There are 2 protein chains.
Amino acid sequence: MKRVTMADVAKMAKVSKSTVSQYLNKRYEYMAPETRKRIEEAIRVLGYQPNIVARSLKQKRTSTIGVIVANILHTFSTQIIRSIEDTCREHDIHVIVCNADDDPAKEANYIKMLRAKQVDGLIVFPTGGNIDLYQAMIQERYPIVFVDRIVEQVNVDSVLLNNERASYLAVEHFVKKGHQRIGMITTSLIRNITPRVERIKGFITALKAHNLPVNHEYIKGLEVAKIKDGLSEMFRLKEPPTALLVGNDLVLMEVLNYVKENSLIIPQDLAIIGIDEVPFANIFDPPLTTISQPTFEMGKKAAQLLLEKIEDQERSIEVKIHRFEPKLIIRSSC
Amino acid sequence: MKRVTMADVAKMAKVSKSTVSQYLNKRYEYMAPETRKRIEEAIRVLGYQPNIVARSLKQKRTSTIGVIVANILHTFSTQIIRSIEDTCREHDIHVIVCNADDDPAKEANYIKMLRAKQVDGLIVFPTGGNIDLYQAMIQERYPIVFVDRIVEQVNVDSVLLNNERASYLAVEHFVKKGHQRIGMITTSLIRNITPRVERIKGFITALKAHNLPVNHEYIKGLEVAKIKDGLSEMFRLKEPPTALLVGNDLVLMEVLNYVKENSLIIPQDLAIIGIDEVPFANIFDPPLTTISQPTFEMGKKAAQLLLEKIEDQERSIEVKIHRFEPKLIIRSSC
DNA sequence: CTGTTAGCGCTTTCAG
DNA sequence: CTGAAAGCGCTAACAG
């Protein structure tokens with residue numbers, strides 16, 4: 001594996017390395033057209049490929065960003081990632097994706113590795129468990145943006161769904177369909193993960209807004225593995241809910257499994273609205289009414305914010321939370 | 001953003017850069033325990049983080065590999081990627097994933113970029129459109145492995161499903177259930193994509209093995225967007241198939257949509273088996289019988305093969321095709 | 001318009 | 001056990 005370097009090209013084209021460098025950086029103005037030809041030729045013959053690592057070292061810029069997602073299993077995460085990648089490709093920026101698996105230790109490790117690799121910035125779906133690390137980065141003015149979650153005390157640009165509104169839309173639709181006993185189930189609330197907390201909050205607010213009682217037996221936040229148990233419990237009540245708001249796609253799978261195992265009929269026995277659009281919503285029987293997030297726009301926004309920050313590290317554009325509006329997609333499960 | 005370098009650490013610990021380097025590389029034998037203490041302390045105080053880019057330049061090794069998938073929309077691709085990432089993480093190797101979108105030009109571009117970035121090796125789901133590029137890499141002995149597809153004339157380690165067997169399993173099950181008129185539909189065959197071709201071939205072989213006639217009106221390879229038209233055509237035949245083998249998950253979505261739109265009952269009107277396990281197979285109504293691929297093992301194997309090659313670039317372990325066995329998961333759609 | 005000269009931050013002989 | 005020095009491949013002043 002003979003590596004051919006700029007020096008080889010320079011020698012062959014009988015110019016100096018810097019001229020070759022100029023050529024590569026398309027600063028053609030400073031170059032006799034004929035010199036340019038010679039360089040072109042040499043590059044072609046030698047099959048020269050620039051070494052970006054060397055360039056990065058010099059420029060202190062790798063044209064690579066890191067994305068750390070809390071949990072890659074959510075459709076939401078993968079869609080956001082795809083959108084970030086698309087946006088970055090347009091700017092010739094590469095993306096390294098890491099999955100923290102909801103584990104702050106893994107997250108910390110990735111942050112360190114990625115920074116050691118000199119990525120130009122980070123988009124993170126924070127686990128919330130590394131507040132000091134987050135803050136250190138902010139103080140250094142290292143480019144970073146959060147997605148999906150905000151972290152108390154950490155002041156950084158963040159891209160989020162208008163979660164309260166999402167719940168509101170669902171409740172409103174349930175009510176419109178005549179439901180009075182409405183429940184909500186989502187993943188565990190112990191770590192105060194933003195979307196879960198906000199969606200529950202929005203749910204309660206919406207209930208009140210519609211003059212419905214708030215029955216805490218109808219509201220559950222549980223580990224995915226315990227969702228079914230929670231459901232059993234809820235449906236053993238003398239007056240179980242007739243409608244259920246499902247907090248995210250992973251929980252939805254559990255709910256749908258439960259429904260199937262217990263031969264419930266949707267929406268007669270139980271009306272369902274899930275937050276997060278899932279690929280099989282349309283073909284499911286019955287088609288699933290969902291609240292969708294504008295993942296494409298959100299990913300794009302996150303990427304743009306980060307790229308801007310990378311461009312001018314200096315200018316401190318004021319930090320803010322960017323909220324995106326959810327959309328109710330009415331099908332037949334409610 | 002004050003970058004602290006090894007020189008700073010060295011100065012503070014009153015040693016030379018090389019000693020610090022030794023420390024970082026854990027060559028403690030060559031070091032007075034007390035020197036070591038001082039270095040540790042300096043690193044801690046300064047908050048020093050090594051610059052991996054500089055190291056990579058020197059070592060000619062980035063501890064990063066690239067993965068180029070032909071089409072990220074397949075569940076298969078994302079599962080393989082996850083498995084590759086898991087395996088690589090264990091070896092402290094980072095992964096950059098790129099989606100060629102079934103476009104050879106994009107693929108070529110990514111190969112060049114990734115190599116310019118000095119990734120240590122490449123795992124690619126080849127589009128099949130860059131034979132010369134593939135061959136150049138092989139001649140250079142650049143570490144590379146193919147997944148999912150083989151390319152004529154390109155002799156490289158490849159990880160694939162035993163595709164013919166996959167079709168065989170399906171046909172066998174259809175026959176067992178009493179079906180005689182069995183069809184197959186998959187994505188376009190024009191570019192000779194390995195799994196499609198092999199699955200069709202296996203399908204025909206299996207039909208013959210069961211003494212069933214091969215009716216070419218029952219076999220279709222079409223762009224995703226045209227799947228539904230193909231289905232219409234097939235079901236307008238006087239004797240339409242009673243069972244359908246679906247070539248992959250993307251096609252399955254189309255088929256299921258068609259089924260829904262035309263109010264067909266599965267499996268009475270049409271029995272279905274899909275190649276590729278899909279997340280909603282269980283909760284679908286009826287639950288879907290599928291042929292699953294051992295994606296976890298396949299991704300792991302691909303990563304291991306690549307990592308081995310990277311370890312000893314020299315030793316030319318003989319090139320071969322690694323086949324993995326599909327599994328029939330019987331549910332209710334057939 | 002082109003060449004010279006310094007590095008970027010780290011690793012790695014090779015002396016001492 | 002520790003330090004000096006060379007250099008990985010490229011960029012960026014600065015002369016000329």
Side-chain angles (χ1 to χ4, degrees), chain A residues 1-43 46-64 112-113 115-120, chain B residues 1-43 46-64 112-113 115-120:
Chain A
M1 234 167 93
K2 37 87 247 260
R3 288 274 67 189
V4 16
T5 87
M6 220 166 71
D8 302 322
V9 176
K11 184 147 42 135
M12 179 159 197
K14 301 198 187 309
V15 297
S16 77
K17 289 194 298 168
S18 34
T19 308
V20 178
S21 178
Q22 300 281 25
Y23 171 84
L24 290 174
N25 293 292
K26 310 208 193 304
R27 303 197 67 58
Y28 300 136
E29 320 92 76
Y30 306 129
M31 206 173 305
E34 167 197 324
T35 318
R36 184 172 156 184
K37 285 268 159 52
R38 285 212 312 283
I39 296 177
E40 239 151 34
E41 175 69 2
I43 288 180
L46 262 23
Y48 169 72
Q49 283 286 135
N51 179 331
I52 294 190
V53 173
R55 171 192 298 173
S56 298
L57 178 60
K58 181 72 194 183
Q59 290 186 161
K60 296 162 169 308
R61 210 172 181 292
T62 52
S63 296
T64 303
K112 291 206 188 101
M113 278 304 295
R115 295 212 51 192
K117 272 212 145 112
Q118 312 297 115
V119 297
D120 299 334
Chain B
M1 235 167 89
K2 39 84 240 264
R3 288 272 65 188
V4 16
T5 86
M6 221 166 69
D8 302 322
V9 176
K11 184 147 41 136
M12 180 160 199
K14 302 200 187 309
V15 296
S16 76
K17 288 195 299 170
S18 33
T19 308
V20 178
S21 177
Q22 301 282 27
Y23 171 84
L24 291 174
N25 292 291
K26 308 207 194 303
R27 304 196 64 58
Y28 299 136
E29 319 92 74
Y30 306 128
M31 206 173 303
E34 168 196 324
T35 316
R36 183 173 155 182
K37 286 268 157 51
R38 286 212 312 281
I39 296 177
E40 241 149 35
E41 175 69 3
I43 288 180
L46 262 22
Y48 168 71
Q49 284 286 135
N51 179 331
I52 293 190
V53 172
R55 171 191 296 171
S56 297
L57 177 59
K58 182 72 193 182
Q59 290 186 160
K60 297 162 169 306
R61 201 170 190 297
T62 52
S63 297
T64 303
K112 291 208 187 98
M113 279 302 297
R115 294 214 48 193
K117 272 212 144 111
Q118 313 298 112
V119 297
D120 299 332

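Numbered from 1 within each chain, the chains take letters A, B, ... in sequence-line order. These figures come from a predicted structure and were not determined experimentally.
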Any chance you could measure T19(A), atom OG1, to L24(A), atom CG, to the nearest 0.5 Å? 11.0 Å
Rounded to the nearest angstrom, tell me the gap between atom CZ in R38(B) and atom C1' in dT2(D). 11 Å
Euclidean distance, T5(A) OG1 relative to N51(A) CG, rounded to 0.5 Å: 9.5 Å
About how many Å separate NZ of K60(B) and CG of D120(B), when rounded to the nearest 0.5 Å? 12.0 Å
Expressed as a whole number of angstroms, how long is the span from I39(A):CD1 to dC1(C):P? 13 Å
Letter per nucleotide, 5' to 3', of nucleotides 8-16 of chain D [B base touched, S only sugar-phosphate touched, - untouched; heavy atoms, 4.0 Å]: BBBBB----
Considering non-hydrogen atoms only, spot the tightest contact between T62(A) and S56(A) and give its length. CA-OG, 3.6 Å
Rounding to an integer number of Å, can you tell me how far Y23(B) OH sits from dT11(C) P? 14 Å
Quick one: label S56(A) by what it contacts on the DNA or RNA (base, sugar-phosphate, nothing), any heavy atom closer than 4.0 Å. nothing
Regarding E34(B) and R38(B), does a basic nitrogen lie under 4.0 Å from an acidic carboxylate oxygen? yes
Between atom CZ in R61(A) and atom C1' in dG9(C), what is the gap in whole Å? 19 Å
Is it true that a side-chain atom of S21(B) and a backbone atom of K17(B) form a donor plus acceptor pair closer than 3.5 Å? no
